[in-house]
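Note sheet for the following structure.
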Amino acid sequence: MADLEIFDHIATLREKAAPFCVATVLRTADVTSAKAGAKAAVTSDGEILGHLGGACVQRAVKASVAEALAEGSPRMIRVKPSEKVVSLVDPDGVQCFKSGCPSGGTVDLLIEPFQLAPRLVIFGDGPIAKALASHAATAGFRVSGAGQEDAAQAVAALEARDFVVVASQGRGDAVALKAALTSAAARVSMVASRKKAAHLTRKLLGDGVSQPQIDRLKAPAGLDIGAVDPHEIALSIMAELIVWRRGVTLPAKLITEDGAETIASAGDPRPRPGKTTDSATDKATEMALNVFPRCC
């Protein structure tokens with residue numbers, strides 16, 4: 001295969017909007033089939049377009065491609081002789097795979113996933129919906145609007161990694177919510193109070209929507225940052241979508257025995273002191289600082 005042919009494969013896969021990964025050999029040691037700089041495009045079903053080496057390397061690449069596409073993030077892997085593998089991860093943090101190749105070579109590869117940005121379907125055409133659409137487009141989401149008349153069609157092609165926000169605000173709420181909850185999207189939120197959302201979901205339970213589907217609903221939509229006007233509310237929803245998209249676990253507020261507020265993160269179960277205040281503005285600011293920590 002000519003060296004430049006791989007870029008033709010990449011261009012073709014991009015045009016098809018098909019998810020794939022680019023695998024690049026970064027470094028080799030001892031005897032290996034593929035050399036540093038070799039590339040291949042690897043489709044989501046495991047087809048390798050290019051040369052990366054023998055069967056041991058190919059198996060490792062296929063497994064890593066599936067993980068990289070699922071997580072949406074690049075990764076480095078190392079394929080080396082079985083007798084040299086003492087852990088699944090080397091001291092430098094690179095994931096290891098065993099090779100049974102008699103040549104005894106070691107190959108380091110970079111796996112870079114490509115897939116279109118997640119879709120965001122927004123039900124509604126009010127100020128919040130319009131502001132959210134603007135924010136989401138800037139953040140790289142594939143945004144589409146929908147109404148009750150085309151609700152089912154709007155969500156028909158959604159995947160688990162996509163999102164739906166119901167911001168219809170009194171105009172076809174039940175139709176929009178049913179379409180959202182019966183879609184394949186794993187995350188559904190609604191611009192509504194908890195009371196209103198509970199009222200609607202009780203009705204939907206008797207209309208063919210299952211409890212597990214209803215349990216996916218987040219209402220009210222957005223992070224609690226004290227948002228008031230439509231653009232602030234849209235920004236709070238956008239922040240929540242990014243949290244979901246990146247798989248981030250936010251700190252949770254706890255109440256100690258003496259009634260003081262504390263903050264505990266998922267990574268550290270020990271609460272750390274937080275500022276207690278009666279001011280809604282101060283609370284919103286404190287939460288924002290914990291969600292978006294200072295960089296220095």
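In what follows, every heavy atom counts, from backbone to side chain, and hydrogens, waters and symmetry copies are set aside. One-based numbering along the sequence shown.
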Heavy-atom check, side chain of Leu109 versus side chain of Val79, under 4.5 Å = yes
query = What do the steps show when you test Leu235 against Ile233 for side chain to side chain contact (heavy atoms under 4.5 Å, CB included), and what is the final call?
reply = CA-CA 5 Å; Leu235 184 60; Ile233 294 170; over 6 Å; no
request  = Treat each ILVMFWY residue as a node, draw an edge where side-chain heavy atoms are under 4.5 Å apart, and state whether Ile242 and Trp244 are in one component.
outcome  = yes
query = Are any side-chain N or O atoms of Thr32 and backbone N or O atoms of Ala34, one a donor and one an acceptor, separated by less than 3.5 Å?
reply = yes
request  = Going by the salt bridge (Lys or Arg N to Asp or Glu O under 4.0 Å) test, name the single residue among Lys218, Arg246, Arg245 that passes it with Glu240.
outcome  = Lys218
Between CD1 on residue Ile48 and SG on residue Cys21, distance to nearest 0.5 Å = 11.0 Å
task = Heavy atoms only: give me the nearest Val155-Ser183 pair and the separation to one decimal.
result = CB-CB, 3.7 Å
query = So do Ile111 and Glu67 actually touch side chain to side chain, heavy atoms under 4.5 Å?
reply = no
inquiry  = Within this structure, what is the CG-CG distance for the pair Leu205 and Leu200, rounded to the nearest 0.5 Å?
reply    = 11.5 Å
Derivation of the side chain to side chain contact (heavy atoms under 4.5 Å, CB included) call for Met190 and Leu217 = CA-CA 7 Å; Met190 184 175 189; Leu217 178 63; 3.9 Å; yes
message = Could you check whether Gln213 and Ser210, counting side-chain N and O atoms only, form a donor-acceptor pair closer than 3.5 Å?
response = yes
query = Is the number of heavy atoms from other residues, nucleotides or ligands under 6.0 Å of Arg27 CZ greater than 12?
reply = yes
request  = Would you kindly say whether Ser134 and His231 are connected by a side-chain donor-acceptor distance under 3.5 Å?
outcome  = no
ask   = On the ring face of Phe123, is Arg171 found with NZ or CZ under 6.0 Å from the centre and within 45° of the axis?
value = no
inquiry  = Tell me the closest heavy-atom pair linking Gly105 and Asp30, and the distance in Å.
reply    = CA-CB, 4.0 Å
key: Residue pair Lys62, Asp45: steps toward the salt bridge (charged side-chain N to carboxylate O under 4.0 Å, His left out) verdict   = CA-CA 9 Å; Lys62 290 179 182 180; Asp45 58 4; over 6 Å; no
key: Check: Gln148 and Asp173 side chains under 4.5 Å, non-hydrogen atoms   = no
request  = Taking Asp162 for its side chain and Arg119 for its backbone only, find out whether a donor-acceptor pair lies under 3.5 Å.
outcome  = yes
task = For residues Val65 and Ser44, determine if any side-chain heavy atom of one lies less than 4.5 Å from a side-chain heavy atom of the other.
result = no
Atom pair CZ/CZ of Arg14 and Phe20 - distance to nearest 0.5 Å = 6.5 Å
query = Counting heavy atoms not belonging to Gln153, are there more than 12 under 6.0 Å from its CD?
reply = no
Same apolar cluster (I L V M F W Y, side chains within < 4.5 Å links), Val175/Leu181 = no
request  = Evaluate the side-chain proximity of Val107 to Val25: yes if any heavy-atom separation is below 4.5 Å, no if none is.
outcome  = yes
ask   = Is it true that atom NZ of Lys203 has more than 12 heavy atoms of other residues, nucleotides or ligands lying nearer than 6.0 Å?
value = no
request  = For Ser64 and Val61, indicate whether the former's side chain and the latter's backbone hold a donor-acceptor pair under 3.5 Å.
outcome  = no
query = Has the side chain of Glu232 got a donor or acceptor atom that lies under 3.5 Å from a matching backbone atom of Val228?
reply = yes
message = Would you compute the distance between atom CD1 of Ile214 and atom CZ of Arg202 and round it to the nearest 0.5 angstrom?
response = 10.5 Å
Min side-chain heavy-atom separation Leu116-Arg142 under 4.5 Å = yes
query = Going from NZ on Lys84 to OG on Ser99, what distance comes out if it is rounded to the nearest 0.5 angstrom?
reply = 10.5 Å
request  = Report whether Leu69 and Leu52 are members of the same hydrophobic cluster (ILVMFWY, side-chain heavy atoms less than 4.5 Å apart, transitive linking).
outcome  = yes
message = I need the minimum non-hydrogen distance between Ala129 and Ala167, along with the two atoms involved.
response = CB-CB, 4.2 Å
task = Would you list the pairs meeting salt bridge (Lys or Arg N to Asp or Glu O under 4.0 Å) in which at least one residue belongs to residues 90-103, sequence neighbours left out?
result = Arg78-Asp90, Arg78-Asp92, Lys80-Asp90
key: side chain to side chain contact (heavy atoms under 4.5 Å, CB included) assessment of Arg75 paired with Glu112   = CA-CA 7 Å; Arg75 61 186 53 220; Glu112 300 175 277; over 6 Å; no
inquiry  = Tell me whether Ser87 contacts the main-chain N or O of Val89 through its side chain, where contact means a donor paired with an acceptor under 3.5 Å.
reply    = yes
ask   = Cluster question for you: counting only ILVMFWY and a side-chain heavy-atom cut-off of under 4.5 Å, with indirect links fine, are Leu223 and Val164 together?
value = no
inquiry  = So does Gly53 get a backbone contact from the side chain of Gln58, meaning a donor-acceptor N/O pair under 3.5 Å?
reply    = yes
inquiry  = Can you tell me how far apart CG (Leu49) and NZ (Lys39) are? Round to the nearest 0.5 Å.
reply    = 14.0 Å
Closest heavy-atom pair and its distance - Ala117, Gly140 = CB-O, 2.9 Å
query = Is there a side-chain contact between Gln169 and Ile128 (heavy atoms, below 4.5 Å)?
reply = yes
remark   = Closest heavy-atom pair, Pro19 versus Gln115, reported as atoms and distance to 0.1 Å, is CB-CB, 4.0 Å
key: Residue pairs fulfilling salt bridge (Lys or Arg N to Asp or Glu O under 4.0 Å) with at least one residue in residues 205-216, sequence neighbours excluded   = Lys178-Asp207
ask   = Which is it for Arg59 and Phe97 under the side chain to side chain contact (heavy atoms under 4.5 Å, CB included) test, yes or no, and what are the steps along the way?
value = CA-CA 9 Å; Arg59 282 195 295 270; Phe97 291 85; over 6 Å; no
inquiry  = Quick check on side chain to side chain contact (heavy atoms under 4.5 Å, CB included): which of Leu120, Val165, Ile122 does Ile237 satisfy it with?
reply    = Val165
query = Which atom names give the shortest non-hydrogen contact between Ala41 and Ile6, and what distance separates them?
reply = N-CD1, 3.1 Å
task = State which residues pass side chain to side chain contact (heavy atoms under 4.5 Å, CB included) with Ser144; sequence neighbours excluded, sorted by chain then number.
result = Val121
ask   = Going by heavy atoms in the side chains, are Phe141 and His135 under 4.5 Å from each other?
value = no
inquiry  = If hydrophobic clusters are built from ILVMFWY residues whose side chains come within less than 4.5 Å, do Val42 and Phe114 share one?
reply    = no
Lys35 vs Thr28, side chain to side chain donor-acceptor pair (under 3.5 Å): CA-CA, chis, key distance, verdict = CA-CA 6 Å; Lys35 303 304 179 184; Thr28 64; 5.3 Å; no
